[in-house]
Amino acid sequence: TKVGTAYAHAATGSGSDTALSGGVNYLELYSAAAASIAAGAKVNRRNLTSETDQDVILNAVSTLEAIVVSGLESGLSLPATPSGDADKAGGGYFGGIFAENYGRAYIDDRASVFAGRDVKLDAVTRSKLLNVAKQGATGDGLTITGVFTVVTLDHETLAFVEDRAFVDAGRDVLLTAQNENLIVNVAGAQALGGGGGDVVGIAVAATVVGTDDGVLGSDEVLEDRSESDVDGAGVRAFIGDSARAFGPLGGTGGLVGKVTAGRDVKLTATNDAASNEIWTAAVAAAGSAGSQGSANLSAAGDAANNVDV
């Protein structure tokens, strides 16, 4: 899933006593990928000859990229028509990204699978989110600006074999779950007054990874396969009952599955810090219009502050 840009911009002139501008940019999106062998399915179990170098491979990769920009001037924005500072000036922006990303590769209950060589299940989720908002106002009297940005991300990556499935591999059984997140959330506000009134600048940026259903809802396309205590953010590779939390197993209805490998059984779940970056910054400035102060989020020539998204 790729959302190129969600963009919002508002402008006003100052030919009146009061000048106000602001906008709301709200983006909610859901991405899911699933590769599975269904309950009761049979793979290479029809008494036919199977190639000795044959693999059974399931790959589920869900990639989510989104950009939300609020308040930055561009070729799409409306020009302001200044004619002197207003007595009262202000405005604000809200920019929000509410995202869910799910990837699952699994062999379901009662399925029977044979491979002459490897059985491989790979589940990967990748999320790249950029949220930027800024607001500025200049007035002779009371001047107020505010910017609020929010990013929430729920992700779940599962690679598993159910506890009532039968899997037989001539060589390896490999289950891999991997998650990668890059989030940049920036808010900036600047208020400049002419010395005749109060000047207020407010900037708030909030980033939350892993929420409960009360925040993003529970209308997932994929069936809820987990009752674990990990809400909204999980990376797991396992052999067992996906509908139960880790711990004592429940009943299996009289059918117990089996996983057999000629060589190795490897389960790998990765949520590596090297592949996960979260940047959140809020900067606000307030002062006299004559000072020409600015809310600058990066030092000149400081390439280390740049993040590619």
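Since the structure is predicted, the reported quantities are computational estimates derived from the model, not experimental observations.
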Got a second to check how far Leu153's CG is from Thr207's OG1, nearest 0.5 Å?
10.0 Å
Compare every heavy atom of Leu175 with every heavy atom of Ala159, then report the nearest pair and how far apart it is.
O-CD2, 3.6 Å
Mind running side chain to side chain donor-acceptor pair (under 3.5 Å) on Thr260 and Asp168 for me, showing each step along the way?
CA-CA 5 Å; Thr260 304; Asp168 187 1; 5.0 Å; no
Is the centre of the Phe114 ring less than 6.0 Å from the centre of the Phe166 ring?
no
Arg126 and Glu65, any side-chain heavy atoms less than 4.5 Å apart:
no
Quick one, Ile97 and Leu29 - any side-chain contact, counting heavy atoms below 4.5 Å?
yes
Ser62-Asn101 side chain donor-acceptor pair, cut-off 3.5 Å:
yes
Just verifying a value: how many Å separate Trp279 CH2 and Asn185 CG, rounded to the nearest 0.5 Å?
13.5 Å
Going from CD1 on Ile183 to CG on Leu129, what distance comes out if it is rounded to the nearest 0.5 angstrom?
5.5 Å
In short, Tyr30 meets Ala32 closest at the heavy-atom pair CE2-CB, 3.5 Å
Evaluate Val208 against Val150 for side chain to side chain contact (heavy atoms under 4.5 Å, CB included), listing each step before the verdict.
CA-CA 8 Å; Val208 180; Val150 177; over 6 Å; no
Does the pair Glu180/Lys128 count as a salt bridge with the N-to-O cut at 4.0 Å?
no
Has Asp109 got a side-chain atom pairing as donor or acceptor with Ala39's backbone, closer than 3.5 angstrom?
no
Are Val256 and Asp163 packed together at the side-chain level, in the sense that at least one heavy-atom pair is separated by less than 4.5 angstrom?
no
Under a 4.5 Å cut-off applied to non-hydrogen side-chain atoms, are Glu100 and Leu64 in contact?
no
So do Val43 and Ile37 actually touch side chain to side chain, heavy atoms under 4.5 Å?
yes
Walk me through whether Arg110 and Glu162 qualify under side chain to side chain contact (heavy atoms under 4.5 Å, CB included).
CA-CA 8 Å; Arg110 298 180 290 104; Glu162 283 283 5; over 6 Å; no
Rounded at 0.5 Å granularity, tell me how far CG in Asp108 sits from OG in Ser36.
7.0 Å
Qualifying residues under side chain to side chain contact (heavy atoms under 4.5 Å, CB included), relative to Asn271, sequence neighbours excluded:
His155, Asn179, Val235, Asn276
Can you find a side-chain donor-acceptor pair between Thr149 and Asn131 that sits under 3.5 Å?
no
Aromatic contact between Phe160 and Tyr106, with the criterion being ring centroids under 6.0 Å apart: yes or no?
yes
So, using side-chain hydrogen bond (donor to acceptor under 3.5 Å, both in side chains) as the criterion, who are the partners of Asp55 when residues are at least two apart?
Arg117
Looking at the rings of Phe98 and Tyr26, which for Trp means the six-membered one, are their centres under 6.0 Å apart?
yes
Applying side chain to side chain contact (heavy atoms under 4.5 Å, CB included), name anything that partners Ala203, two or more places apart in sequence or on another chain.
Ala187, Ala189, Ala282, Ala284
List for me each residue that meets side-chain hydrogen bond (donor to acceptor under 3.5 Å, both in side chains) alongside Ser112, sequence neighbours excluded, and say none if there are none.
Arg45
Listed partners of Val259 passing side chain to side chain contact (heavy atoms under 4.5 Å, CB included), at least two apart:
Val161, Val167, Val173, Ile239
Side-chain donor-acceptor pairs under 3.5 Å in residues 262-270, sequence neighbours left out?
from, atom 1, to, atom 2, distance (Å)
Arg263, NE, Asp172, OD1, 3.1
Arg263, NH2, Asp172, OD2, 2.7

Starting from the C-alpha separation in whole Å, work towards a yes-or-no answer on side chain to side chain contact (heavy atoms under 4.5 Å, CB included) for Asp154 and Tyr102.
CA-CA 8 Å; Asp154 282 359; Tyr102 299 94; 4.1 Å; yes
